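Presented below is the structure to which this report refers.
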Amino acid sequence: MTNRKRILFVIGRTPGRGAINREVIDAVLVIAAFDQDVGVLFTGDGVLQLLRSTRASEDARDHAKALDALAMYDVTRIYVDAASLAARGLTSTGLALSPELLDPRDVATLIATHDAVIPG
Amino acid sequence: MTNRKRILFVIGRTPGRGAINREVIDAVLVIAAFDQDVGVLFTGDGVLQLLRSTRASEDARDHAKALDALAMYDVTRIYVDAASLAARGLTSTGLALSPELLDPRDVATLIATHDAVIPG
Amino acid sequence: MNLAVLVYGSPASSRAHISALGFVRAALEGGHRITRVFFYHDAVTIGSNLIVTPQDETDVGGAWVDVAREHGVELCLCIAAALRRGVINGEEAQRYERGAANLREPFEIVGLGQLAAAIIESDRVVTFP
Amino acid sequence: MNLAVLVYGSPASSRAHISALGFVRAALEGGHRITRVFFYHDAVTIGSNLIVTPQDETDVGGAWVDVAREHGVELCLCIAAALRRGVINGEEAQRYERGAANLREPFEIVGLGQLAAAIIESDRVVTFP
Amino acid sequence: MATLHLINTAPATADALPRCLAASTAGDAIVLYEAGVLGAVDLRAESLPPGVALFIHGRDAHALHVADLIDPAFGLIDDRQLVSLVVAFERSVSWI
Amino acid sequence: MATLHLINTAPATADALPRCLAASTAGDAIVLYEAGVLGAVDLRAESLPPGVALFIHGRDAHALHVADLIDPAFGLIDDRQLVSLVVAFERSVSWI
């Protein structure tokens with residue numbers, strides 16, 4: 001397909017809400033499989049999807065596996081909103097997927113450099 | 001039925017969200033029809049259900065009618081959380097159902113004087 | 001103690017059913033009595049027998065069915081909420097001229113009066129929004 | 001202009017469908033092209049033919065059907081989301097051995113690839129969460 | 001480069017508006033609709049980032065009875081105008 | 001007279017916790033569960049109203065990976081303990 005677009009997913013929901021977060025990741029993977037240039041930004045309570053712990057529930061481990069599939073589909077542009085982390089008392093240390101840390105100005109630029117933005 | 005309880009509904013959702021607000025009012029009416037002593041507290045974004053305007057949508061007029069049915073079922077103990085009004089820049093002037101204005105301490109007392117509390 | 005349990009949240013986009021299941025199991029094991037669980041609002045969609053759960057996900061409706069079978073708990077969907085969301089039993093399907101019913105047994109469709117009775121007769125009411 | 005429209009919210013507990021319907025009608029009247037509307041997450045429950053809408057409430061599914069018939073817009077439910085929430089067509093009902101199907105025509109059940117194609121081919125994407 | 005930002009959640013039930021404001025730049029526009037119109041009650045035009053326009057869906061402002069509480073500097077729009085905005089901007093972002 | 005308050009929503013997506021804290025009195029208890037556990041991250045025992053206890057559902061704190069970020073003064077509970085609390089208090093209120 002010659003029609004290669006830059007598509008950004010903006011993920012803002014807490015983890016552990018049932019099937020809905022899984023469905024978002026499935027959409028990311030399918031669009032990546034169509035050979036599009038896909039980025040994923042975690043913002044708001046969505047940043048919590050990047051936390052990991054050794055005592056994770058089965059649910060949380062399943063979601064971690066789904067997120068890890070992103071790299072297999074060459075979705076490697078992963079970003080996290082630094083202000084959302086800070087507002088929740090979190091740091092970027094040890095986050096899954098090694099996201100690029102963006103301040104609000106960077107987020108604006110990120111959005112402005114994509115053809116379409118899909119919330120999740 | 002000799003088993004007469006004091007039951008408080010605590011309504012916290014914005015109006016206009018579809019059937020869900022109507023379903024809450026239906027539950028209030030049915031429990032009132034069982035001859036219980038029912039009170040209704042509007043709090044958070046739920047206080048917006050008490051606003052009225054002349055340019056209301058059809059939806060909003062239907063909901064107003066449902067609320068007005070409360071009085072027909074003798075649900076006359078209607079309360080509104082003053083702090084929630086203030087936080088939204090609203091005053092109690094012109095609110096539907098003429099609710100009693102409660103400060104946070106009054107809300108605590110109201111809850112403590114009911115046998116069961118149902119969110120809505 | 002006699003507990004009334006209400007569940008409001010959607011099974012697919014909230015944790016309400018997971019939380020309520022954990023609570024109900026622990027309460028029954030603790031010797032408390034739960035006669036009925038009431039599903040209201042979007043929670044009623046749990047009572048459909050047309051849900052197909054992917055193999056690597058929990059069949060939440062099935063977990064409720066297990067609780068009902070093991071402990072004799074009634075699983076009650078409020079009728080108005082269920083009809084609005086397309087969960088219907090044989091009787092209502094006939095009344096509203098639908099070609100099929102999709103209620104998963106032993107879930108049952110009841111009137112709001114049952115909810116009122118459960119609240120009135122219980123010692124405690126717990127809601128999972 | 002070629003618009004892709006995504007709807008996420010539950011028909012019974014959000015305004016997503018009302019907002020999306022207003023937008024889609026205005027866009028079509030304005031001469032824009034909407035080939036398909038995609039329903040994802042809880043929005044897929046709109047495609048059930050077992051929903052019974054009370055007489056004093058709007059039949060939102062029927063409003064979508066009208067838009068589809070008048071303007072040739074395809075109403076697409078994403079398959080994984082639909083199966084999880086108990087909306088199923090004849091083919092899937094057979095595959096998963098369900099006694100009935102409940103898809104309201106002309107809603108159709110499609111794969112996520114159709115969503116991808118619509119996003120890729122459109123000039124603008126609008127989502128109603 | 002300009003982006004249309006859409007918000008349908010109330011300030012009390014989401015932090016979408018502050019995140020959206022932080023990520024808006026001159027030339028962008030914001031549309032508040034559904035419960036999102038409640039975000040306009042506490043907002044003054046002066047508190048928007050420079051060069052960012054804000055519109056409010058009139059249908060929803062009336063449905064929630066807050067049309068009279070909103071800074072008249074903000075324009076009330078209908079679905080036809082929402083479509084025009086979606087077409088005029090290069091992309092739209094729904095904040096959840 | 002004592003009340004058990006239940007909160008299942010995150011601070012960013014609901015104002016349930018501040019409303020609940022304002023309406024709690026000595027002898028009450030608060031349980032945070034599901035995304036509600038996120039409210040505990042910014043909370044210290046000293047900032048609770050006097051005489052109000054706060055518990056956090058351990059399953060959800062672990063599922064959201066925030067168990068290590070929470071003031072150890074708050075107790076982690078399981079479903080069995082949640083049942084005990086519901087029974088021990090005269091009524092429970094789920095804040096939405």
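Proteins come first, then strands; the chains are lettered A, B, ... in the order of their sequence lines, and each starts at number 1. All figures in this text were calculated on a predicted structure; none of them were measured in a lab.
- Note that CZ of R13(B) and OG of S13(D) are 8.0 Å apart. Values are rounded to the nearest 0.5 Å.
- E57(D) and R22(B) make their closest contact through OE2-NH1, 3.7 Å (heavy atoms, listed as atom of the first residue, atom of the second, distance).
- The contact between D62(B) and chain D is made entirely by side chain atoms (from C-beta outward), counting heavy-atom distances below 4.5 Å.
- Electrostatic pairing of D56(D) and K65(B) does not count as a salt bridge here, judged by no charged N lying under 4.0 Å from a carboxylate O.
- To the nearest 0.5 angstrom, S10(D) atom OG is 7.5 Å from I20(B) atom CD1.
- Heavy-atom neighbours of chain B within the stretch residues 19-29 of chain D, taken at a separation under 4.5 angstrom, are nonexistent.
- With hydrogens and angles disregarded, no donor-acceptor distance shorter than 3.5 Å links the side chain of R15(D) to the backbone of G18(B).
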